[in-house]
Every structure is written in structure tokens, then in C-alpha cells.
Amino acid sequence: MANLLRDNKGMRWGMLGIISLVMFAAYFASDNIFAVETTLQGPLFGITGSEYSSLAGAYSIFNVYLFMLIIGGLILDKMGIRFTGIMSTVLMVVGVGMMTYSFYNLKDLVAAGASMDTINFLGSALRKPVLPAVVGMGIYGVGAEIAGITATKAIAKWFVGYEMALAMGLQLALARLGTGLAYGATPAIVKAATGNVGVAVLVGLIMLCAGLLLFFLYCVNDKKLDKQIAESGAESGSESSAEDEFSFKDVVAVIKNPAFWMIAFLCLLFYAAVNPFLKYSTGMMVNKFGIDQTLAGLFPMILPMGCIVLTPIFGGIYDKKGHGADLMVLGALIITAVHFIFSFLPEGTVSIIPLILMVCLGIGFSLLPSAMWPSVAKIIPAKQLGTAMALTFYIQNIGFIFVPKAINAIQNGTSGYFWFSIFFACLGVSAILLALGIKLLDKKKNYGLQIPNIQK
């Protein structure tokens, strides 16, 4: 059988590079405003606690309430990687464009002392100029989540029989670098722009436009690979064959799979215990530990920077040695321990201790997903993978909506960060129990989660 494009090491890693750069831009564009929480809530923009929690939860509003993620998964399985990738990236560009307009407009209105009416949006009071930013974040969230499941399916296609966990780990690592750059560089960008957060959002918009252009290059080579697969009859790792096309029966098959539900809720609990925490961690570093805001913005950067190094390492271990279920359990244990320790640290604790805890959180943040996403590809057949990932991300997005609301309620009802951290620790305990359940189910069903991914 003639070699396929993906059998060329340089080609498949080059395609991974394009996918990773698109996701890098996506993560930067979504996380940069949360690195300057105190600036947003200062006199220049006057963002209220209700408006900030709405921005933090807006990422998931359309994905959850309008089922856009599930629809996106169906589109991915029916229309393929190229169509869905372009569609999702365009949605991200539109959403961040709305956010850019909103922040520039809000700054001008506040500076002019203009009177602004409020509107009730999903139970939260928002000033009307803030509404485009919240809606834009929601549109962006639809594109970003669909792009995420598209990236996973694309990697499964290009790396079937090769270093799949390592590739997924590297993609996650570079995407997390986008988060790291957002938290690390945004305070400096905003400071140089005399407090104008809109400049940082505009930088994210430019990066996304560049990512869209890059993805067209991916599409050219992906189309060539499809032609080779069709001619050779090779395993696609992604697209179904003509006689085995996607149907809605596949949705039922995914829903009936108990392992899918366990992975999906583990995903919800794990990401709910980390991602929303990052959006509030800068405020915690400033208010509880007395760390300067510019320095505090660097603390959340530790997690994605650690992912750059550790996720590929853990993915490589899974590829060569197996133990995917064990990696998930260990990651959940570390995250839970970190949140419990944060809850009991006294105010004004020397900054080296929160720094060490953030490093440990980064280790847990690298461990669990490096095993979780390749495990989904083992549990779910290739033709159902897009739907399964969409349903998983849908459940995850429920957490992204309601966790910020829970945090806002906790902070309004109590002072300090004790119950704030206990809340995240409880999510971690639940994740530990689910990870253990997945390990037991793997022994019963023989999914191969403890077996190496590289085929010899």
C-alpha cells in the first residue's frame, strides 16, 4: 500500500502545528480580559460584579441554552473537518470583533460620563454597552468549542497508529500557551495602552484572523489525505466510510455508552475546578495574598506554561507505557489537594507558597487531559467521535455557565476566599471518584485505557 501523507512525519506534525496555532489564538482571545479583572472593575470601565460574572459565564450560553455544541458535533460528523473548522474559526472572529467594539465603546461612554440604561440578560443586570461583549463572548464560545472538537478529530485522523496522545498533548500545550500569554502579557499590554482593555482584545482578534488564513493551508493537505484514504481503503481515524456513514442512531449509541457519561462528567468537574478558578485567581492573589496585579497576572500563566512541558511528557507516557486511567486519577488527586490547601492558607501568606501551589495545579492540569482525550478516541468509534466530543463539551459548558454564578453567590455571601476554595476542592473530590469509576469500568469492558497507544 502506498504511503499516505500522514505517514510522512514532517507532514503530520506540520498539520498539527497549524491546528495548534489556531487553538493558541483562540485561547488567547478568550482569556485576556480575565487577566485584568481589577482594571475592568476600575473607573475606566466600571464593570460590576454581575457584569464580570456574566462575561465569565457567557462563553457557554449559546452552547448550552441553544444546544449549539451538539449541533456543531453533528455538523462535524456530517460535513467533515474542513467545513467545520472554517465555520468555527469565522464564528470566533465575529465574536471577538463584537467584544472589541463593545470595550472601545464602553470606555468612550464612561469617559464622557454618559448615562447608560441597564438590561436584564439571563438574570443579570448589564449596562447596554456591555451586552455586545457578553453576546460576542457567547458567539466566540460556540466557535471555540466546535473548533476544539474539530481539532481533536483532526488529530485522530492524522495520527491514527502513531503518537496520538503525544500529538493531542502538544496541541493542548500550545493552546494553553495562549492562555499563559493572555494572563502574562495582557496586564503589560493594557498598562502600555493606559488602561484600555480593548487594545488587548483587538490583539486577540488579529491573531484569530491569522489563524483563519493558516487553516486554509491545512484544508488543502487534508483534502489530499482524504483522496489517498479513499483510494487505498486505509483506516481514516476520523471520517467514516461510504457504507458506514454517520446517522442519528450513532447519537443514541453514544448516549447508551456508560463510559461516555463517566468521561463527560469527569471533563465537567475537572475543567470546572480549573478554568473558572483561573478567571478569579488574579483577584485572589491581589486581595488575599497582597500580590501586585502585574505580578499576580503571571501566576495563572504557570498552568499553561507547565502544560507546554508536562502534557507532551504525560501523553508520551500514555503512548508508550499506557496507564491512561491511572493518570486521570492522579491528576484529579493533585487538583483537589491544591484547592484544599488554598482554602486554609491565611491572608498575607508569603507569595512563594501560592506560587508553589499554582505549579502543582499546573501538574494536575497537565496530567488528566493528557490521558482523558486520547481515551475518548479509544472508547468511541471514529464515526461517532465528533458527536461524542460535542456532547462532552456541552456537558462541560454547563459547568462554565453555572460555576461563575456559584462563585458570585459565594463571594456576595461571605468575605475572604475560604469557601471559594472549598467549593473548587469539592469539585475535585467528585472528579477523583469518577476517575476511579472509569478505571473500574475499563477493567470490565476492556477499552484498553491502560494499554499503550503506539501500535507496534
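A pairwise comparison of heavy atoms in K378 and Y318 identifies NZ-OH, 3.6 Å as the closest pair. The two residues A167 and I155 have their closest heavy-atom pair at CB-CG2, 3.8 Å. Shown here for V403 and P276, the closest heavy-atom pair between the two residues is CG1-CB, 3.5 Å. Across every non-hydrogen atom of T179 and L278, the tightest pair is CG2-CD1, 4.5 Å. Pairing each heavy atom of V197 with each of V36, the nearest pair is CG2-CG2, 4.0 Å. Nearest heavy-atom pair, L208 versus T89, reported as atom, atom and distance to 0.1 Å: O-CG2, 4.2 Å.
Panel note: side chain S102, backbone P129; a donor-acceptor pair is recorded below 3.5 Å. In this structure, the side chain of S421 does not engage the main chain of F418 through any donor-acceptor pair within 3.5 Å. In this structure, the side chain of H339 engages the main chain of A273 through a donor-acceptor pair within 3.5 Å. Panel note: side chain T48, backbone E51; a donor-acceptor pair is recorded below 3.5 Å. In this structure, Y280 contributes its side chain and N408 its backbone to no donor-acceptor pair below 3.5 Å. Checking side-chain atoms of S88 against main-chain N and O of G85 turns up a donor-acceptor pair under 3.5 Å. Using a distance-only test at 3.5 Å, with no hydrogens or angles considered, no donor-acceptor pair links the side chain of K223 to the main chain of R82. With S54 contributing its side chain and S50 its backbone, the two residues share a donor-acceptor pair below 3.5 Å. A distance-only check finds no donor-acceptor pair linking the side chain of N105 to the backbone of Y101 [under 3.5 Å].
Atom CG of residue L330 and atom CD1 of residue I432 lie 10.0 Å apart, to the nearest 0.5 angstrom. Rounded to the nearest 0.5 Å, atoms CG (N221) and CG (L5) are 6.0 Å apart. A distance of 9.0 Å separates CH2 of W261 from OG1 of T392, quoted to the nearest 0.5 Å. K128 contributes atom NZ, which lies 12.5 Å from atom CG of L109 (distance to the nearest 0.5 angstrom). Between I139 atom CD1 and M98 atom CE the span is 4.5 Å, to the nearest 0.5 Å. To the nearest 0.5 Å, atoms CG (L170) and OG (S370) are separated by 11.0 Å.
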- [ ] Any chance you could lay out the side-chain contact (heavy atoms from CB on, under 4.5 Å) test for M328 and I263, step after step, and finish with the verdict?
- [x] CA-CA 10 Å; M328 287 188 269; I263 284 279; 4.3 Å; yes
TODO: Let me see the working for L174 and L21 under side-chain contact (heavy atoms from CB on, under 4.5 Å), right down to the final yes or no.
DONE: CA-CA 7 Å; L174 192 53; L21 286 170; 4.1 Å; yes
TODO: Before giving the answer on side-chain contact (heavy atoms from CB on, under 4.5 Å), spell out for T118 and L126 the whole-Å C-alpha distance, their side-chain angles and the decisive distance to 0.1 Å.
DONE: CA-CA 5 Å; T118 60; L126 306 177; over 6 Å; no
Task: Verdict with supporting geometry, F424 and F420, ring-ring contact (aromatic ring centres under 6.0 Å, His included) - done: CA-CA 7 Å; F424 285 112; F420 169 87; 5.1 Å; yes
TODO: Start with the C-alpha gap between I70 and L391, add the side-chain angles, then the distance that decides, and say whether side-chain contact (heavy atoms from CB on, under 4.5 Å) holds.
DONE: CA-CA 6 Å; I70 296 174; L391 289 169; 3.7 Å; yes
- [ ] Starting from the C-alpha separation in whole Å, work towards a yes-or-no answer on ring-ring contact (aromatic ring centres under 6.0 Å, His included) for F34 and Y183.
- [x] CA-CA 7 Å; F34 301 109; Y183 281 100; 7.8 Å; no
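At least one side-chain heavy atom of F342 sits less than 4.5 Å from a side-chain heavy atom of P354. With a 4.5 Å cut-off on side-chain heavy atoms, R127 and L106 count as touching. Contact check for L368 versus L327: no side-chain heavy atoms found under the 4.5 Å cut-off. Contact check for L345 versus L357: side-chain heavy atoms found under the 4.5 Å cut-off. Within the 4.5 Å cutoff, side-chain heavy atoms of I33 are placed close to those of M99. The closest side-chain heavy-atom distance from F159 to L166 is not below 4.5 Å. For the pair S430 and F265, the minimum side-chain heavy-atom distance is 4.5 Å or more. Residues M285 and M358 meet the side-chain proximity criterion, which asks for heavy atoms closer than 4.5 Å.
Annotation: side-chain hydrogen bond (donor to acceptor under 3.5 Å, both in side chains) contacts involving residues 192-218, sequence neighbours excluded, comprise W158-Y218, Y218-D222. Contacts classified as salt bridge (charged side-chain N to carboxylate O under 4.0 Å, His left out) and involving residues 178-194 (residues at least two apart or in different chains) are not found.
Applying the 6.0 Å contact sphere to OH of Y104 captures more than 12 heavy atoms from other residues, nucleotides or ligands.
Residues Y394 and E145 have side chains that never bring a donor and an acceptor to within less than 3.5 angstrom of each other.
Salt-bridge check for R12 with E163: passed, with a basic side-chain N closer than 4.0 Å to an acidic carboxylate O.
In this structure, R6 is not positioned above the aromatic face of Y162 in the sense of NZ or CZ being under 6.0 Å from the six-membered ring centre and within 45° of the axis.
In this structure, F28 has its ring center at least 6.0 angstrom away from the ring center of F24.
Contacts of A259 classified as side chain to side chain contact (heavy atoms under 4.5 Å, CB included), with partners at least two apart in sequence or in another chain: N257, I379, L441, Y447.
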